[in-house]
Amino acid sequence: MNNLRQLVEAFIFASDGPLSLDRLSVLTEQPKALIRPVIEQLLQDYAASERGFYLAEIAGGYQFRTVAELAPWLRKLSKDRATRFSKAALETLAIIAYRQPATRAEIEYLRGVDSGGVMKTLLDKNLLRILGKKDVPGRPMMYGTSRHFLELFGLRDLNDLPTLKEFAALDPEMIEADPLDPEPVG
Amino acid sequence: MNNLRQLVEAFIFASDGPLSLDRLSVLTEQPKALIRPVIEQLLQDYAASERGFYLAEIAGGYQFRTVAELAPWLRKLSKDRATRFSKAALETLAIIAYRQPATRAEIEYLRGVDSGGVMKTLLDKNLLRILGKKDVPGRPMMYGTSRHFLELFGLRDLNDLPTLKEFAALDPEMIEADPLDPEPVG
Amino acid sequence: MSIQIRVENFSGPLDLLLHLIKSHEMDIYDIRIVEITEQYLTIIEQMQQLDLDVAGEFLLMAATLVHIKSRMLLPVSEDVGEEEEDPRAELVKRLLEYQRYKDVAELFQQLPQLERDIFLGQFQLADFFEGDSEENEVAIGIYQLADAFHQLMKDQPVESFHEVVRESLSVATYIERIVEKLTEKIRLSFREFFSAEFSRNELIVTFLATLELVKMRAVNIEQVDAFSEIWLALSIPPDQLSQISPEKDLLGYE
């Protein structure tokens, strides 16, 4: 199909969320093997030219987004829909992002404070999701981050999170000691 | 400004509605005389290449839109959103999930509105199943959630649903009742 | 210095403790526990004097610190074969782990964020396809499901359920049931409607409902011979049945 590029571009542009290769394959009725090179080409084209927006890889899919450098200008559109996070909310989000599936008890042990209210706020904002129940006595709920979390922070997937080791690198003493097991990222 | 084109493109892309020349002039802090040629250039560029979307002049302003010929394809985007639900569908599904077997009368009592249409939609989506007839006068049908429901929500079984008690425990008001309790709830 | 420390600036006792360790330039692996405990307790005390609502977690940490301090002061017994663990070990572990997530949290704050630094195209397909706009459908997960039920139950009087089932004995409800059955089977005998389990009241209501349907020309009654089986059949296509419902309110039998 000659216009596959056009069609793929239009689908990505018109979708309200990132579109995965699988989804694009279904929508365009074309095999993934044909779509992949089209995407590659689009990624390159948008990266090469100085455009106001570019094709980003987000949450396992593709989405057009404005470039970060223009942020101060674009804020003038004064949509002010930005989510503002408290320190507590970001800490909780960080713990869950790295340790998922995480139970409330784990989060509260790590933070040293009750976190029910913060977790509820994050759930309401659709940044967390319930992953089921843990197979331990009491069967507590397990939490993880949502797709919306990836979209909000512009992450491709959970492996795109900065590794905790990189963090330790900021503080040389911590690397030497490294008393904690690096947490596998789910 | 070298990047005026980039900025104009980004503004038009991110704006909720068409942006007029006047508005673009205010946003970019540049005279209209400078912006007009940029727009002209953008209009040409998008018209020349076979793109999935183009710069359209709408209601005295500019907006990116998908090309009309692709409409039949793009319509597919609004379909098959498996996990998208209206509030009515969500409420009905929630009641059936938690109270199954549930009759239509029970659901309607809890919701306070007629739910026949919503239930039919959910049945069509294969999220509900009929569990038989209730052994009460009138023998109303009893509904429960289907296997597909479990798959869609990633539940192993119905016991994986959070209990109301656990749920209420996330509510900060309820936690404040016992602030000294060192035992994390989980 | 400690006078400026306010509990609400810290997200918890670990946060406060980390701050104290840093501001006293201590090595996190070798916390001077006596000094830090003193500092910590002073702050907590001040907060109480200021009539601040000192959260239980801060008091709990105070207790932990005092406990560690007392263990540090105990003479180390030489007879014990195994090496005794440093009483501070667990606290250090928690502080280090907490420090990690605190750092990540700060990084999250700096990441380009959607709607704050990065914006999406606002093109709305629905504007083009009038008619198939979908009344605010949202993607949902287990949480939204549980939340919906939680919200509904919050407003419900406890166990009012069984009464409802009994009260649903309205003509309108029975009309719906008859229609439901007829949609499934197209033709049904009277006998199938009037099940033996029906109470007297139900028999009456079912009968009234049948008459109502006949009056609405939605149902035909057929009988081949006198005293033979009476049959009910839909006289309108099932897809027009929805038009019956609006008349419910006009029935007046309830």
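So that the names make sense, note that chain A is the first sequence line, chain B the second, and so on, each numbered from 1.
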Report summary line: Taken to the nearest 0.5 Å, the spacing of A/Phe53 CZ from A/Leu55 CG works out to 10.0 Å

Query - Under 4.5 Å from a heavy atom of chain A, the part of B/Ile12 involved - result: neither

**Report entry** Under 4.5 Å from a heavy atom of chain B, the part of A/Tyr143 involved
**Finding:** side chain

Query raised in the report: B/Asp160, B/Leu155, B/Val67, B/Val8: which one forms the most heavy-atom pairs within less than 4.5 Å of chain A?
Result: B/Asp160

Query - Residue B/Thr163 versus chain A: region with a heavy atom under 4.5 Å - result: both

Query raised in the report: Under 3.5 Å, is there a donor-acceptor pair linking the side chains of A/Tyr46 and A/Glu9?
Result: yes

**Report entry** Non-neighbouring partners of A/Gln63 that pass side-chain hydrogen bond (donor to acceptor under 3.5 Å, both in side chains), sequence neighbours left out
**Finding:** A/Arg65

Report task. For the pair B/Lys87 and B/Glu91, find out whether any cationic side-chain nitrogen is under 4.0 Å from an anionic carboxylate oxygen. Result -> yes

**Report entry** Short N-O contact, A/Asp45 and B/Arg51, less than 4.0 angstrom
**Finding:** no

Report task. Please flag which part of A/Leu123 lies under 4.5 Å from any non-hydrogen atom of chain B: side chain, backbone, both or neither. Result -> side chain

